[in-house]
> 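Just passing along the structure, written as structure tokens.
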Amino acid sequence: MNSSSPAAVIVLAAGAGTRMKSSLPKVLHTIGGRSLVGHALDAAVNLNPEHLVAVVRHERERVVEHLLAHNHNLIIADQDEIPGTGRAVELGLEAIGSVSGTVVVTYGDVPLLTPETLSALVAEHQNAGNSVTVLSANVPDATGYGRIVRDENGLVTQIVEHKDALQIAEETGDSTLVDITEINSGIYAFDGEMLARSLVEVTTDNVQGEKYLTDVLGLAREAGGRVATYVTDDLMEVEGVNDRVQLATLGAELNRRIAERWMRSGVTIIDPSTTWIDVDVELAQDVTIKPNTQLHGNTTVATGSTIGPDTTLNDVEVGENATVRRTEATQAIIGPESNVGPFTYIRPGTVLGERGKIGAFYETKNVNIGRGAKLSHLGYVGDADIGENSNIGCGNITANYDGVNKHRTVIGAEVRTGSNTVFTAPVEIGDGAYTAAGAIVRKNVPPGALSMNAMDQRIIEDWVLERRAGSAAAEAAQKARDKS
């Protein structure tokens with residue numbers, strides 16, 4: 001731990017989040033491709049704390065599984081029957097034992113809080129020698145927030161909750177507290193030893209019957225400690241999520257910031273309002289994103305590529321100067337200078353080689369497509385290998401599933417297949433081979449051979465007139481015969 005790193009960061013993630021009206025715990029809801037608590041943990045980890053603690057209660061097993069999958073070094077503390085943030089922090093401290101140094105307390109439902117702001121809070125706390133430093137913000141409307149009350153020296157004397165400020169104003173006629181616009185975010189940096197001592201003294205003797213963390217501020221002042229603030233000018237960073245309206249609002253704001261960051265880094269985004277980019281996506285300079293595009297997971301797009309419109313990529317790697325339009329793709333690799341779409345469905349395991357093509361109304365799965373190979377339109381390829389520069393005709397499919405097992409089709413280089421060819425796997429097509437239109441390939445085809453199903457075309461005269469008499473087709477046929 002370096003001199004500016006905190007001894008501990010405690011992330012409070014025990015709440016039920018009833019206003020979300022969801023079977024999913026609130027902190028596990030996602031924005032930007034990451035859970036709310038995942039955002040909080042990532043911001044905390046960047047402080048390089050000696051201990052990182054999460055306090056949990058509601059849906060414990062489900063939340064803990066997610067937390068440890070996100071960060072296996074996390075320490076888990078369980079909130080007991082005693083309610084309140086003060087009790088939660090007390091249990092978080094107990095989970096790590098004695099602590100000397102700075103302790104940061106933050107929340108699992110504040111997803112836009114950045115490592116930079118947390119670092120600035122810690123630096124202010126340590127440089128000023130504070131016992132408590134409150135992360136605060138100035139807002140145009142402080143309704144619902146606790147107000148920061150300062151003394152003549154600018155130090156914090158107390159935090160007055162909104163309802164208490166209204167009551168005081170009503171009883172005294174003095175609206176000073178109501179008019180305060182600096183609000184408490186609920187995020188703090190504490191002197192760890194002072195925090196531990198003070199929490200022992202905090203009681204639940206209040207209207208809510210809770211152990212309030214804010215009571216520590218008064219105890220710190222009584223002990224001669226300095227209580228101050230670090231003011232952020234970005235209110236959205238300290239906004240929490242309590243319902244799905246706030247989830248959508250912060251999700252949109254996070255996406256706006258992500259899009260802006262990429263545009264300032266040299267990415268063209270035609271319509272940021274219809275473009276959604278997850279936090280782990282990587283985009284190179286001179287990438288172009290067209291409207292109605294969603295980039296999710298660990299998607300990466302190399303320089304010069306154009307994605308969209310109307311495209312969704314999940315964990316997809318796109319090479320340089322590729323074009324992907326009106327496509328949904330998942331866990332795939334799209335090679336340099338390749339062309340995909342429109343109306344293409346690329347399933348996991350698809351690897352499209354350099355200058356390859358997967359065209360309109362095509363579905364692929366678990367297939368390796370060689371350099372320069374083309375699957376231009378109206379087909380399905382699954383569990384297959386396709387060699388370089390092969391041209392797969394319209395309407396081709398690999399019949400890879402026999403009802404029990406999947407089988408592989410291997411198509412060599414420079415192969416040309418006729419329209420509506422069906423490859424009944426397992427089967428291999430040699431380099432340079434051809435298939436005729438309508439071929440059903442059940443046996444291996446040697447290099448340079450032509451595969452076809454030999455059957456002369458048979459024509460039965462007057463079949464419609466005899467077998468479909470009275471139909472519209474029969475009437476049309478009869479009229480044509482009468483004219484001839």
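When reading the values below, keep in mind they use all heavy atoms of this one structure, side chains included, and skip hydrogens, waters and symmetry mates.
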> So does Asp278 pair up with Arg34, basic N to acidic O under 4.0 Å?
no
> Using a strict 4.0 Å threshold on nitrogen-to-oxygen distance, state whether Arg257 and Asp234 make a salt bridge.
yes
> Please table the atom pairs, donor to acceptor, closer than 3.5 Å between any side-chain atom in residues 434-447 and protein atoms at least two apart or in another chain.
from, atom 1, to, atom 2, distance (Å)
Thr435, OG1, Gly418, N, 3.0
Thr435, OG1, Thr421, OG1, 2.9
Asn444, OD1, Glu428, N, 2.9

> Please test Asn396 against Thr417 for side-chain hydrogen bond (donor to acceptor under 3.5 Å, both in side chains), starting from the C-alpha separation and ending with a verdict.
CA-CA 8 Å; Asn396 282 206; Thr417 68; 2.5 Å; yes
> Could you tell me whether Asp310 and Arg325 make a salt bridge, using a distance below 4.0 angstrom between a side-chain N and a carboxylate O?
no
> How far apart are the closest heavy atoms of Val415 and Ser390, and which atoms are they?
N-OG, 2.9 Å
> For a side-chain contact (heavy atoms from CB on, under 4.5 Å) check, start with the C-alpha distance between Glu363 and Arg347, then their side-chain angles and the critical distance, and finish with the verdict.
CA-CA 7 Å; Glu363 178 180 348; Arg347 295 167 64 189; 2.7 Å; yes
> Please evaluate residues Thr102 and Gln126 with respect to the criterion side-chain hydrogen bond (donor to acceptor under 3.5 Å, both in side chains), reporting the C-alpha separation (whole Å), side-chain torsions for both, the decisive distance (0.1 Å), and the verdict.
CA-CA 8 Å; Thr102 301; Gln126 295 176 347; 3.1 Å; yes
> Salt bridge or not for Arg416 and Glu414, using N-O below 4.0 Å?
yes
> Could you tell me whether Arg147 and Glu182 have a side-chain N and a carboxylate O separated by less than 4.0 Å?
no
> Could you walk me through whether Thr311 and Glu328 pass the side-chain hydrogen bond (donor to acceptor under 3.5 Å, both in side chains) check?
CA-CA 6 Å; Thr311 294; Glu328 180 168 339; over 6 Å; no
> Could you walk me through whether Glu237 and Thr117 pass side-chain hydrogen bond (donor to acceptor under 3.5 Å, both in side chains), step by step?
CA-CA 8 Å; Glu237 280 202 40; Thr117 295; 2.7 Å; yes
